[in-house]
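In what follows, a single structure is set out as structure tokens and then discussed.
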Amino acid sequence: MADTTKRYDPSDIEDRWYAYWEDLGAFRAERSGKPPHVIMMPPPNVTGRLHMGHALQDTVQDALTRMRRMQGYEALWMPGKDHAGIATQNVVERKIKAEEGKTRHDYGREAFVDKVWEWVDEYGDIIFQQKRKLGDSCDWSRERFTFDDAYVRAVQDVFVKLYNDGLIYRGHYLVNWCPVDMTALSDEEVNNIEKEGHLWYIRYPLAEGEGHIEIATTRPETMLGDTALAVHPEDERYQHLVGQHVQLPLTDRTIPIIADDYVKMDFGAGALKITPGHDKNDAEIGKRHDLEVIGIMNPDATLNEYGGAYAGMDRFDARDRIVADLEAQGYLIKVEPYTNTVPISSRSKAVIEPLISRQWFVKMEPLAKPALEAVRSGEIKFYPERWANEYYRWLENIRDWTISRQLWWGHRIPVWYYTDENGEIDEERDFVVAIDQPEPGMVQDEDVLDTWFSSWLWPFATLGWPEESDEEINADLDYFHPGHVLVSGYDILFFWIARMIMAGLYFKGEIPYRDIFITGMIKDKQGRWMSKSLGNGIDPLEMIEQYGADAVRFSLTILCAQGQDIKLDPTKFEMGRNFANKIWNAFNVFGQFMETDAEGLPTKDYRRTRAFDELELVERWMLTRLNQTILQVEESVSRYRLNEALGAIYATFWGDFCDWFLELSKPQRGEDGELGTMSDEKIALATEVFETLLQLLHPFMPFITEDLWWKVRPRAEGEACMLSAWPKANETEIDEDAAQVFGLLQELVSGIRSVKSKYGVSPGKAIRAVVNLPAEAERLKDALQQSDRYFEKLAKVTDLTVGSGVEKPKASAAVVAGTSEVFIPLEGMIDLNEERARLSKEIEQKERFLKSIAGKLRNEKFVSRAPAAVVDRERQKQADITAELDRLRANLSDLG
RNA sequence: GGGCGAUUAGCUCAGCUGGUUAGAGCACUUGCCUUACAAGCAAGGGGUCGUAGGUUCGAGUCCUACAUCGCCCACCA
């Protein structure tokens, strides 16, 4: 007797099987004769904790990896983590602040970086432990970090190459400056959000003579950096003033009035203050007119010496004061409420201050072109396709990438400067771009690189690129690159996915992968992003604890439809839990009759001895369904419709295998109430189907399937489910005929049950039934006559008659199924009115249906234009329904 | 301002290149602790597929507007 309990308890087995797989080395991928299948795990931040987004994406990646592995591929799922510059630095800064009351400056750069390393060593692998709980079958022996020595080298090589190719430059430009993190950011790291603000109308008096020009601004404090006032060249109000000057209020400066057709005459006051040091558009206008650039802010967004009386104040305090002073001095004309877009750091949420700063940039256009072409040509495909449009849009409008960051935690920029006698950087002399210090005394650039400047190399730097002297590495790169599919969310389409494609093509000369599967994002029940601040997150580990990893994986997969966001709430995992429980108990049906050893493991290998055509109806039907399901799964997975694949297995397992096959296969209770037994032949069939279903389910629900795998057959050492050969559909065991006959049987059984339920006949009460078949259906008649046992088991029909032209017994209910019908004599229980109503309702429904078909067929255009197959199908339907109606009417009139 | 997505049963969602009488899970009703499973079984009820047009023999599916919600992008101060 197998050792199973009624309720499946996942906590019992999951860790055990994970350890077993790892010990077996089952996750490892090595260069072999097999075709490779490679997935690069998007490296989580070292600060990361497993969240539902990871759980979803890992489930998808693991399912694909496990399936390919079973299908005979050398499946590599490469894990790793990202040093995540700002994020990690922030975490450690917060920690030392909280624990020691210190800032990173108290530590100094070197000591602080050491502190971060300490943190990484202590906490950096937590997420990988969490991923193990989920069942991730990635090759941990290949785990990489974007700060591994070899990886650092790759990043520096890439910098040097891009510089030498003329694609990296340094310069003073207006950049997105975050005053909280005190670093430059790329455009992608900035979000524009709508915010209620004000539009202040301010008067700038003419320097020469009477009068003034009115301007409008949303950021009055920037006026301290104004170096011109612009009007439209065709604006008749101001034309005559161009070339003159205005007095800049609150300062002793005067600024020129210039004409530029960027100015919209009808917006605001029709004139524009120009602050080239703090506004992107103004900077361009400034360049056109060769204006002076004044930066009025310090890195922390307090005003600097150009702020005059406001120097040292925070920019927003200064704004209030300036407005108050303008008003007091009569320069403020009016204030209007105004909604404008404000740039926010995606990391710190601080309002970004555009300011001029010396930074490093990558010229993107030359990189973008091939990347565009790779997708346009179809070499790389997006699933779902629509994401290709987002990708095009971004690449077609690509802007240069600000890659330098004023942080301490990150890849140092491989640029060196000469120093003067005081040890200060000698700005007079050229810098040198080199990985190692070119000359003693030279100092390295203080800045570090954007995190994504290292992660864009992930698909090949993780394999050891660019080390060319090492044969192992070369062979690995040859074999495992390019990869096959990238699974990711759309949130990092620009940050990472697009840049990886650029990097792959530019540095490696190859696309990084063929397919990109973009999953939806996990949202809360109300469709909001899950976040710490909202406290609406669902912790995958708690869910695993509560429902089991397989249940979590099942539910996430089944909910993951083609890129749609998932509104998740914990009760969704009940679906998976219930299914796991169903699987567990289904095994028990036949497992309890197997010969087992003391540990409950099978000692006998039950194999079917009969050929397919010797099997009985339900068996042929079940194998047919199984083989159809295998085909369906393959088809769905090839299009990354994992929800559909898993849904198909679920329906077959529960709706076919459990509800019909097992119900018919399990032993019947003996006459005297004693438990029956199951023949070896029956056990063999159940085992065969169940085992195959376990394999189909394994990629999605690895733990329970592995556990039961060992319980259905004696296995040799190491003969794990996860390493078993993926089932092949056996097309010779697809029997459409059996499917059709069994389908009719299902209809008749359901009809009988329905009648019993309708008339309050207890399901357990034995009844008689008479099946009436059309005269020509000899084959059906034989099949159903042999199926009396099925009717008994499923509907408690103890007396079955099957024939054609059979007389309808007195006082019986009738169920019509196509051209067949079944009579259920219910002497004394049947309510004639009820029965009439029941039949009438059915007749009405069929008549409506028939009418719509007849309508179609009367339509000449339909008959002439629709494909012949469609028309034939309608004709067939018409004939079927007509026959069915005849019977229904006959049955009705029978009732008198 | 531009683009994308969503709108299908009470709820959450599938529904692919148009073609059986639109499906699932949950919830609901009725009956069952039928010795695999009450995390279950059986039988049911419930949908004019957001609105209005159009294309087509045929539309949940394609087209055009519109509405509502959500997301992305964008230099009108």
Side-chain angles (χ1 to χ4, degrees), chain A residues 4 6-8 191-192 199 215-219 230 262-264 266-269 271-275 279-284 338 340-341 386-387 389-390 393-394 397 490-491 493-494 520-521 523 525 527-528 547 551 555 558-559 561-569 571-572 574-575 577-592 636 639 641 643-644 647 650-651 658-659 662-663 666 669 673 675 750 753-758 760-764 794-796 845-846 848-849 852-853 856 859-867 869-871 873-874 876-877 881:
Chain A
T4 51
K6 290 196 170 187
R7 276 203 183 179
Y8 170 58
N191 298 128
N192 294 308
L199 194 55
I215 58 96
T217 180
T218 53
R219 296 191 297 153
Y262 171 80
V263 181
K264 302 249 180 332
D266 53 0
F267 185 88
L272 187 59
K273 66 190 266 312
I274 304 297
T275 322
D279 183 278
K280 202 181 255 180
N281 297 309
D282 291 6
E284 275 166 35
Y338 188 72
N340 62 333
T341 53
R386 67 184 142 90
W387 290 108
N389 293 326
E390 284 283 288
R393 188 179 50 68
W394 189 69
N397 300 294
Y490 53 78
D491 54 334
L493 177 59
F494 309 142
M521 308 299 292
K523 306 284 183 65
K525 204 175 169 178
R528 301 172 305 179
Y547 298 99
S555 294
I558 213 81
L559 292 170
Q562 288 301 286
Q564 279 325 327
D565 289 346
I566 298 172
K567 279 190 250 170
L568 193 65
D569 93 272
T571 61
K572 291 279 165 69
E574 289 173 9
M575 238 191 294
R577 179 198 61 183
N578 294 354
F579 185 43
N581 194 50
K582 188 76 180 177
I583 297 168
W584 188 254
N585 281 291
F587 168 67
N588 202 33
V589 174
F590 61 96
Q592 64 178 311
S636 297
R639 294 179 301 148
R641 291 173 182 265
N643 62 327
E644 190 180 85
Y650 174 87
C658 293
D659 290 349
L662 282 183
E663 286 302 323
K666 68 185 183 186
R669 202 169 14 148
L675 193 67
S750 294
R753 286 166 169 175
S754 180
V755 164
K756 286 175 98 171
S757 168
K758 187 104 191 164
V761 179
S762 126
L794 298 169
K796 199 71 181 164
Q845 195 188 327
K846 300 285 181 204
R848 239 179 294 132
F849 184 38
S852 87
I853 297 169
K856 270 190 210 174
N859 183 342
E860 265 177 52
K861 283 182 181 168
F862 172 72
V863 177
S864 60
R865 292 192 200 178
V870 173
V871 178
R873 212 182 307 145
E874 292 300 314
Q876 187 58 49
K877 271 194 283 183
I881 298 294

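Proteins get letters first, then strands, A, B, ... in listed order; numbering begins at 1 in each.
- In this structure, A:Arg641 reaches the B:G15 phosphate: one of its side-chain N or O atoms is under 4.0 Å from OP1 or OP2.
- Within the 4.5 Å cutoff, the side chain of A:Tyr262 has no heavy atoms near those of the A:Glu284 side chain.
- Remark: B:C4 base-pairs with B:G70. Criterion, Watson-Crick or G-U wobble with two distances under 3.5 Å.
- Pair assignment for B:U17: none, as no Watson-Crick or G-U wobble contacts are both less than 3.5 Å.
- Nucleotide B:C76 has no partner under the Watson-Crick or G-U criteria, as no pair reaches both atom distances under 3.5 Å.
- Side-chain atoms of A:Lys6 and base atoms of B:C37 include no donor and acceptor less than 3.5 Å apart.
- Across all strands shown, nothing is found opposite B:A59 as a Watson-Crick or G-U wobble partner with both distances under 3.5 Å.
- With a cut-off of 3.5 Å on both Watson-Crick or G-U wobble distances, the partner of B:G46 is given as none.
- Among B:A43, B:C73, B:A77, the nucleotide with an atom closest to any side-chain atom of A:Phe267 is B:A77.
- Whole-Å rounding puts the A:Asn397 CG to B:A74 P distance at 9 Å.
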Report, one pair per line, the protein and nucleotides 3-9 of chain B atoms (nitrogen or oxygen only) whose separation is under 3.5 Å.
{"residue": "B:G5", "atom": "O2'", "partner": "A:Gln564", "partner atom": "OE1", "Å": "3.3"}

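- When all heavy atoms are compared, the tightest approach of A:Lys756 to A:Ser762 is CE-O, 3.7 Å.
- Across all strands shown, B:A22 forms no Watson-Crick or G-U wobble pair with both key distances under 3.5 Å.
- A heavy-atom distance below 4.5 Å is found between the side chains of A:Val870 and A:Phe862.
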Using a cut-off of under 3.5 Å, enumerate the N/O to N/O pairs linking the protein to nucleotides 21-27 of chain B.
{"residue": "B:U21", "atom": "OP1", "partner": "A:Lys877", "partner atom": "NZ", "Å": "2.8"}

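- Looking at A:Asp565, its side chain does come within 3.5 Å of a backbone N or O of A:Met521 through a donor-acceptor pair.
- When the P atom is used for both B:G47 and B:G10, the distance is 7 Å, rounded to whole Å.
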> Could you walk me through whether A:Trp387 and A:Leu493 pass the side chain to side chain contact (heavy atoms under 4.5 Å, CB included) check?
Replying inline: CA-CA 9 Å; A:Trp387 290 108; A:Leu493 177 59; 4.1 Å; yes

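- The side chain of A:Asn588 sits closest to B:A36 out of B:G19, B:A36, B:C13.
- Nucleotide B:A65 forms a Watson-Crick or G-U wobble pair with B:U51, both donor-acceptor distances falling under 3.5 Å.
- For the C1' atoms, the distance from B:G44 to B:A9 is 14 Å, rounded to whole Å.
- Among the heavy atoms of the strands lying under 4.0 Å from A:Lys264 is at least one base atom, whether or not backbone atoms are also near.
- When distances run from any side-chain atom of A:Ala216 to the nucleotides B:A36, B:A77, B:C73, the shortest one goes to B:A77.
- Contact between A:Leu568 and A:Leu559 at its shortest, heavy atoms only, is CD1-CD1, 3.9 Å.
- Nucleotides B:G19 and B:G2 place their P atoms 34 Å apart, quoted to the nearest Å.
- Spacing between B:A67 and B:A52 at atom C1', rounded to whole Å, works out to 11 Å.
- Heavy-atom minimum distance, A:Arg753 versus A:Ala795: CG-CB, 4.4 Å.
- B:A42 and B:C37 have their C1' atoms separated by 15 Å, given to the nearest Å.
- Spacing between B:U17 and B:A59 at atom C1', rounded to whole Å, works out to 15 Å.
- Closest to the A:Ser750 side chain, of the nucleotides B:C73, B:A43, B:G19, is B:A43.
- Distances shown here put every side-chain N or O of A:Ser762 at or beyond 4.0 Å from the OP1 or OP2 atom of B:G31.
- Protein atom CZ of A:Phe862 is 17 Å distant from nucleotide atom P of B:U56, rounded to whole Å.
- A:Lys523 places its NZ atom 11 Å from the P atom of B:G70, with the value rounded to the nearest Å.
- Distance from the side chain of A:Asn192 is smallest for B:A74 among the nucleotides B:A77, B:C73, B:A74.
- Here B:G15 presents its P atom at 8 Å from CD of A:Glu644, a figure rounded to the nearest Å.
- In this structure, A:Phe590 atom CZ and B:C37 atom C1' are separated by 14 Å, rounded to whole Å.
- Contacts of A:Asp659 with the nucleic acid, taken as non-hydrogen atoms under 4.0 Å apart, involve only primed sugar atoms and P, OP1 or OP2.
- More than 12 heavy atoms of other residues, nucleotides or ligands lie within 6.0 Å of NZ in A:Lys523, so this atom counts as buried by the packing criterion.
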> side chain to side chain contact (heavy atoms under 4.5 Å, CB included) between A:Glu574 and A:Tyr547: does it pass, once the steps are laid out?
Replying inline: CA-CA 7 Å; A:Glu574 289 173 9; A:Tyr547 298 99; 3.8 Å; yes

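- In this structure, A:Asn581 atom CG and B:A38 atom C1' are separated by 10 Å, rounded to whole Å.
- Along RNA chain B, the nucleotide closest to A:Lys567 and the one closest to A:Phe494 are compared, and the more 5′ of them pairs with A:Lys567.
- Closest to the A:Arg873 side chain, of the nucleotides B:A42, B:A39, B:G19, is B:G19.
- Between A:Asn281 and B:C76, a side-chain N or O to OP1/OP2 separation shorter than 4.0 Å is absent.
- On the C1' atoms, B:A74 is 31 Å away from B:U51, given to the nearest whole Å.
- Rounded to an integer number of Å, the gap from A:Lys796 NZ to B:G31 C1' is 17 Å.
- A donor and an acceptor atom never sit less than 3.5 Å apart when one is taken from the side chain of A:Glu663 and the other from the base of B:A42.
- Distances shown here put every side-chain N or O of A:Lys861 at or beyond 4.0 Å from the OP1 or OP2 atom of B:U56.
- Annotation: side chain of A:Arg393 is in contact with side chain of A:Phe494 (closest heavy-atom distance under 4.5 Å).
- Partner assigned to B:A39 is none, using Watson-Crick or G-U wobble distances below 3.5 angstrom.
- Under 4.0 angstrom from either OP1 or OP2 of B:C37 there lies no side-chain N or O belonging to A:Lys582.
- Judged by atom type and distance alone, A:Arg753 does not reach the base of B:A43 through any side-chain donor-acceptor pair under 3.5 Å.
- Closest heavy-atom contact between A:Lys567 and A:Lys525: CD-O, 3.5 Å.
- Taking the P atom of each, B:G1 and B:G54 are spaced 29 Å apart, rounded to whole Å.
- Side-chain contact between A:Ile881 and A:Phe849 is present, with at least one heavy-atom pair separated by less than 4.5 Å.
- The two residues A:Ile558 and A:Met575 come nearest to each other via the heavy atoms CG2-SD, 3.9 Å.
- Put simply, A:Tyr338 has a side-chain N or O that comes within less than 4.0 Å of OP1 or OP2 on B:A77.
- Rounded to an integer number of Å, the gap from CG of A:Leu662 to P of B:C37 is 13 Å.
- Looking at A:Asp279 and A:Arg219, their side chains come closer than 4.5 Å, going by heavy atoms from C-beta outward.
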